[in-house]
Amino acid sequence: MSETSESPQSPQPGPPSPERVAADLSAVVGRLLRRLRSSSAESLLTPSQRSVLARLEDGGPATTAALARAELVRPQSMRLTLGALESQGFVTRAPDPRDGRKSVVSATEAGSATLAAVRAAKRSWLAEAIAAELDGAERRTLDEAVELIGRLVDR
């Protein structure tokens with residue numbers, strides 16, 4: 001036997017490093033998010049408008065300042081985003097019941113319907129891609145990975 005031949009029972013490599021998995025996962029999630037955004041490109045919403053509308057839909061009415069803090073943007077930037085949403089009829093403003101000097105922004109029925117359509121387009125694209133590309137065992141593996149990723153996010 002030559003010294004360069006491999007033994008039939010070469011050791012299996014150890015688990016991947018957390019750093020490598022983190023880099024790979026981050027890259028794939030970024031690509032997935034870009035692809036999901038493009039699946040609803042016909043939408044009238046920019047990514048920041050979608051994010052604010054989703055926050056209002058999921059969390060209820062909020063002030064401009066509270067939305068700016070939650071979205072990690074300056075209040076001036078939030079006012080521009082809200083102005084665009086308001087001009088499309090997707091949000092409405094009302095006086096803050098606790099402080100009449102402020103206003104509270106809420107999603108309108110049209111805003112909620114638009115957001116639901118955007119979300120449905122994303123889910124539809126992803127469900128079609130999963131059905132076309134993955135067999136049953138791969139879908140189970142992906143389902144398990146979703147649970148693991150959820151655990152990391154909720155940490």
Side-chain angles (χ1 to χ4, degrees), residues 15-136 138-155:
S17 73
E19 292 80 12
R20 195 198 94 210
V21 173
D24 291 348
L25 179 59
S26 180
V28 168
V29 167
R31 288 181 20 229
L32 174 62
L33 290 174
R34 284 188 295 280
R35 188 67 187 263
L36 286 171
R37 272 188 227 115
S38 72
S39 70
S40 59
E42 70 283 350
S43 167
L44 301 173
L45 301 174
T46 66
S48 59
Q49 291 169 351
R50 275 196 303 264
S51 180
V52 169
L53 196 53
R55 188 172 297 281
L56 290 170
E57 180 73 14
D58 299 338
T63 64
T64 301
L67 289 168
R69 280 191 303 275
E71 293 288 316
L72 305 174
V73 299
R74 295 185 337 226
Q76 297 87 339
S77 298
M78 183 55 64
R79 280 195 286 280
L80 291 174
T81 299
L82 290 172
L85 288 169
E86 193 171 24
S87 72
Q88 295 176 81
F90 295 156
V91 298
T92 187
R93 297 175 197 258
D96 186 334
R98 292 174 295 208
D99 184 348
R101 297 170 295 172
K102 297 179 183 177
S103 62
V104 175
V105 182
S106 302
T108 64
E109 285 185 34
S112 296
T114 298
L115 184 61
V118 167
R119 287 173 168 169
K122 290 176 180 186
R123 280 191 307 270
S124 177
W125 172 82
L126 190 53
E128 288 173 15
I130 289 169
E133 295 295 324
L134 305 179
D135 64 25
E138 290 170 321
R139 287 194 305 270
R140 279 189 293 281
T141 299
L142 184 58
D143 188 52
E144 291 171 4
V146 167
E147 287 184 41
L148 294 174
I149 293 168
R151 242 176 53 203
L152 295 175
V153 171
D154 294 339
R155 182 169 186 250

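Atoms considered below: every heavy atom in the structure, side chains included; atoms not considered: hydrogens, waters and symmetry mates.
- The two residues A110 and G89 have their closest heavy-atom pair at CB-O, 3.8 Å.
- A 4.5 Å side-chain heavy-atom check between L67 and V73 finds every atom pair outside the cut-off.
- Taking CD from E57 and CZ from R50, the interatomic distance works out to 15.0 Å, rounded to the nearest 0.5 Å.
- Side-chain contact between V21 and P15 is absent, with no heavy atoms from C-beta onward closer than 4.5 Å.
- Remark: L80 CG to R74 CZ distance equals 9.0 Å, nearest 0.5 Å.
- To the nearest 0.5 Å, atom CD of residue E109 and atom OG1 of residue T92 are 12.0 Å apart.
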**Item:** Working for side chain to side chain contact (heavy atoms under 4.5 Å, CB included), residues L25 and I149
**Value:** CA-CA 9 Å; L25 179 59; I149 293 168; 3.9 Å; yes
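- Taking 4.5 Å as the limit, every side-chain heavy atom of E86 sits out of range of all side-chain heavy atoms of V105.
- With a 4.5 Å cut-off on side-chain heavy atoms, L142 and E138 do not count as touching.
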**Message:** Pair L32, L126 - check side chain to side chain contact (heavy atoms under 4.5 Å, CB included), show working.
**Reply:** CA-CA 9 Å; L32 174 62; L126 190 53; 4.1 Å; yes
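- V91 places none of its side-chain heavy atoms less than 4.5 Å from the side chain of V52.
- For the atom pair T108 OG1 and L53 CG, the distance stands at 7.5 Å (nearest 0.5 Å).
- Residues R37 and P47 come closest through the heavy atom pair CD-CG, 3.8 Å.
- Between T114 and Q88, the closest side-chain pair of non-hydrogen atoms is not below 4.5 Å.
- For the pair L134/T141, no side-chain contact is recorded, criterion being any heavy-atom separation below 4.5 Å from C-beta on.
- Between atom CG of residue L115 and atom CD of residue Q49 there is a gap of 12.0 Å, rounded to the nearest 0.5 Å.
- Residue Q76 places its CD atom among more than 12 non-hydrogen atoms of other residues, nucleotides or ligands, all under 6.0 Å distant.
- A donor-acceptor pair under 3.5 Å is formed between the side chain of S38 and the backbone N or O of R35.
- The minimum heavy-atom distance between R79 and T64, with the atom names listed, is CG-CG2, 3.7 Å.
- Here L85 contributes atom CG and L56 contributes atom CG; the two are 8.0 Å apart, rounded to the nearest 0.5 Å.
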